[in-house]
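Start at 1 and go down the list; that is how both ligands and their atoms are numbered.
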Amino acid sequence: MKLALLSDIHSNLEALVAVLDALPEVDRIIVLGDIVGYGPDPNGVITRLRSARARAVMGNHDAAMLAPSLLDWFNPHAAAAARWTRTVLTPESRSYLASLPKFGRLGPHRYVHGSPRKPYLWEYILDDLQALEILVRLGPRLCFFGHTHLPRIFTAEGEDIPKPGEWITLPAAALINPGSVGQPRDGNPEAAFATVDLSRPAVCFGRVPYDIVTTQAKILAAGLPEVEAARLALGR
Ligand code: ZN
């Protein structure tokens with residue numbers, strides 16, 4: 001089975017469309033949460049994901065649409081964008097987000113927004129010792145995650161910052177983050193994603209340019225924080 005991994009789309013429709021157009025043929029699109037927040041097109045992004053029959057889990061920004069008290073955890077810009085998103089979300093979009101599970105399974109494999117240990121939405125997997133603790137508890141399976149907006153592979157051997165465009169063979173246990181579609185933070189502004197071949201298993205990371213200027217103009221026209229427009233050009 002071949003999968004596409006998309007994470008942290010953050011209401012960026014231009015980036016999502018560029019990634020969907022760039023994807024090779026896959027059996028299933030998996031979305032690792034944070035579908036909304038920061039960006040200007042929450043309803044457009046949700047509509048595209050539904051028509052692509054993507055399977056998604058909830059991210060912390062998605063959860064904040066349903067439980068306003070979660071905004072206490074957000075920085076002021078993220079909270080302002082979340083409040084704006086709540087005002088424009090259609091009832092259909094809202095019930096879509098409410099329907100998302102916090103944790104997904106693909107046979108023995110798992111997918112989550114933040115981390116496979118509770119609370120699933122909030123832990124940032126950032127270093128190899130932390131990842132090793134998680135891998136030991138997880139056993140021989142793959143787990144796909146997002147939340148940090150950084151493309152990474154963690155295995156018992158340590159951390160790997162993958163280069164786009166090459167297939168990397170995976171051991172039986174690995175944590176894989178495809179990076180962010182709609183708000184990359186690794187210094188590369190191109191939209192990030194990954195494809196996985198579960199039969200090998202192996203992963204290939206991808207990057208694709210998109211129309212950042214249009215997204216920035218929509219962010220400013222919506223009255224969203226200017227920093228959320230500026231950072232897209234920097235990939236930070
Ligand atoms: Zn995010």
Query - Minimum heavy-atom distance between G114 and F145, given as atom pair plus value - result: O-CD1, 3.7 Å
Query - cation_pi(R231, Y38) dist<6.0 Å, angle<=45 - result: yes
Query raised in the report: Ignoring hydrogens and geometry, is there a side-chain-to-backbone donor-acceptor pair from R141 to P108 under 3.5 Å?
Result: yes
Query raised in the report: What protein N/O/S atoms are found closer than 2.8 Å to the Zn ion (ligand 1)?
Result: D8 OD1, H10 NE2, D34 OD2, H149 NE2
**Report entry** Sub-4.5 Å side-chain heavy-atom contact between V26 and T195
**Finding:** yes
Report task. Taking the six-membered ring for Trp and the single ring otherwise, decide whether the centroids of F74 and H61 are under 6.0 Å apart. Result -> yes
**Report entry** Pairing residues for H149 by the ring-ring contact (aromatic ring centres under 6.0 Å, His included) criterion, not counting sequence neighbours
**Finding:** H10
